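Let me begin by presenting the structure, written as structure tokens, before commenting on it.
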Amino acid sequence: MRSINCSACILKSTAVKNLTVSELNILGNNCAEAVFKKGDIIFKQNALSSNIIYLRTGLIKLAIEGPQGTQIIRLKKAPCYLGLPTTMGDKINQYSAVALELSTVCFIDIHAFKELLRINPDFTYEILIRMYKNELEQFHRCVKLVQNQVYGRLAGSLLYLAEEIYASQEFNLPLSRSEIGDMIGTSRETVSRMINSLAQEGVISISGKHIKILNKSLLEKISQKG
DNA sequence: GCATTAACCACAG
DNA sequence: CTGTGGTTAATGC
């Protein structure tokens, strides 16, 4: 395998910043970088995986094929690790990852990753903290999805995109209406109608994929009450 | 009952 | 891929 100079990487994860030069060499000797275009599958549910994936740049979605169709578990923005639960918890991928925009990704051999976890506590600590935060986020997301009505779930996900992904009140939706439906557990028709009615009420303005949040506090209210 | 919510279907840009 | 209209089932008042 061609080795990569991880020491020179300017997009190191918080965890990797704790690695020594020799540990960075272990990493560099056991990883490969790849570029994915919008729509490319990075890894697929039910396939065997022996890699941890580090998303250096870009945006991806994680999705599970459920009994009632596709469920988008969450979006992930660089920089972050993908596939920690699925690669550490099982040999088979429990979900798929698909690029939503041009993304660069490092595939890290699971054995090298485990070795780093074993030998460098500061590295391991950062990974753990990240995992715990993730778990909390997932708990909250789960409650919102189960207890909110569709209108509230849509409002919540628009807020999520604005706050967490783009840090802006104005952005281009990275997902189709159908995918938004898959994310909040509703049909594409309902997403269309509700986006339009949010626009009619002046909460947002929408033109194709371009969206602007006009009344954030009202959107937050809708997100909480449904 | 009657209204509301939201899914499913069909059809048209 | 989206938007719209009609229909229908479930739930609440």
Side-chain angles (χ1 to χ4, degrees), chain A residues 35-47 55 57-78 82 93-105 137-226:
Chain A
V35 177
F36 290 86
K37 291 197 286 284
K38 181 180 168 70
D40 285 348
I41 297 170
I42 297 170
F43 57 85
K44 202 169 167 49
Q45 183 175 357
N46 297 327
L55 185 62
T57 67
L59 181 70
I60 63 98
K61 65 174 177 181
L62 301 181
I64 288 184
E65 285 303 322
Q68 313 292 328
T70 304
Q71 175 71 45
I72 295 182
I73 305 304
R74 61 170 304 166
L75 306 186
K76 283 259 190 179
K77 184 181 70 161
L82 311 177
N93 285 326
Q94 305 289 298
Y95 48 85
S96 303
V98 179
L100 295 177
E101 57 183 49
L102 191 66
S103 301
T104 58
V105 159
E137 285 166 20
Q138 288 299 114
F139 286 165
H140 288 129
R141 192 173 133 68
C142 178
V143 172
K144 278 184 195 162
L145 277 181
V146 170
Q147 296 192 352
N148 254 357
Q149 301 219 292
V150 180
Y151 210 49
R153 304 209 293 272
L154 177 64
S157 52
L158 294 180
L159 282 169
Y160 169 76
L161 288 167
E163 305 292 304
E164 309 295 328
I165 303 291
Y166 294 105
S168 165
Q169 302 301 105
E170 194 173 357
F171 53 91
N172 286 314
L173 288 171
L175 302 166
S176 69
R177 311 290 142 115
S178 174
E179 286 174 312
I180 295 174
D182 291 341
M183 185 162 65
I184 61 179
T186 188
S187 64
R188 59 165 193 86
E189 294 100 320
T190 300
V191 173
S192 277
R193 284 186 239 266
M194 288 185 173
I195 283 180
N196 288 336
S197 75
L198 279 175
Q200 265 175 17
E201 287 169 39
V203 185
I204 61 169
S205 72
I206 186 87
S207 168
K209 292 263 163 84
H210 189 83
I211 181 170
K212 187 173 184 179
I213 295 177
L214 301 173
N215 189 339
K216 187 179 153 193
S217 60
L218 182 52
L219 197 58
E220 280 167 347
K221 258 180 208 155
I222 296 169
S223 159
Q224 278 161 19
K225 288 201 184 168

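Because the structure is predicted, anything quoted here is derived from the model rather than measured. Lettering of chains follows the sequences in order, A, B, ..., and the numbering in each one begins at 1.
Side chain of A/Q71 to backbone of A/A63: no donor-acceptor contact under 3.5 angstrom is found.
Screening A/I60, A/I165, A/L100 against A/K76 for a side chain to side chain contact (heavy atoms under 4.5 Å, CB included) leaves a single residue, A/I60.
A/R193 places its CZ atom 10 Å from the P atom of B/dA7, with the value rounded to the nearest Å. Atom CG in A/L154 sits roughly 12 Å away from atom P in B/dA7 (whole-Å rounding). Atom CZ in A/R188 sits about 10 Å away from atom C1' in B/dC9, given to the nearest Å. Put simply, CD on A/E189 is 16 Å from C1' on B/dG13, counting in whole angstrom units. We find that CG of A/D182 is positioned 12 Å from P of B/dA7, with the value rounded to whole Å.
Extent of DNA chain C lying under 4.0 Å from chain A heavy atoms, first and last nucleotide in 5' to 3' order, is C/dT2 to C/dG6.
Going from atom CD of A/Q94 over to atom CD1 of A/I73 covers 10.5 Å, rounded to the nearest 0.5 Å. Between atom CG of residue A/L159 and atom CD1 of residue A/I222 there is a gap of 9.0 Å, rounded to the nearest 0.5 Å.
Minimum interatomic distance between A/S157 and A/L154 (heavy atoms only, all atoms of both residues): OG-O, 2.9 Å.
Contact annotation for A/G185: backbone-only contact, meaning every heavy-atom pair under 4.0 Å involves sugar-phosphate atoms and none involves a base.
One finds no side-chain N or O of A/T190 lying less than 4.0 angstrom from the OP1 or OP2 phosphate oxygen of B/dT5.
Under the 30°/60° scheme for interplanar angles, the aromatic rings of A/F171 and A/Y166 are found to lie parallel.
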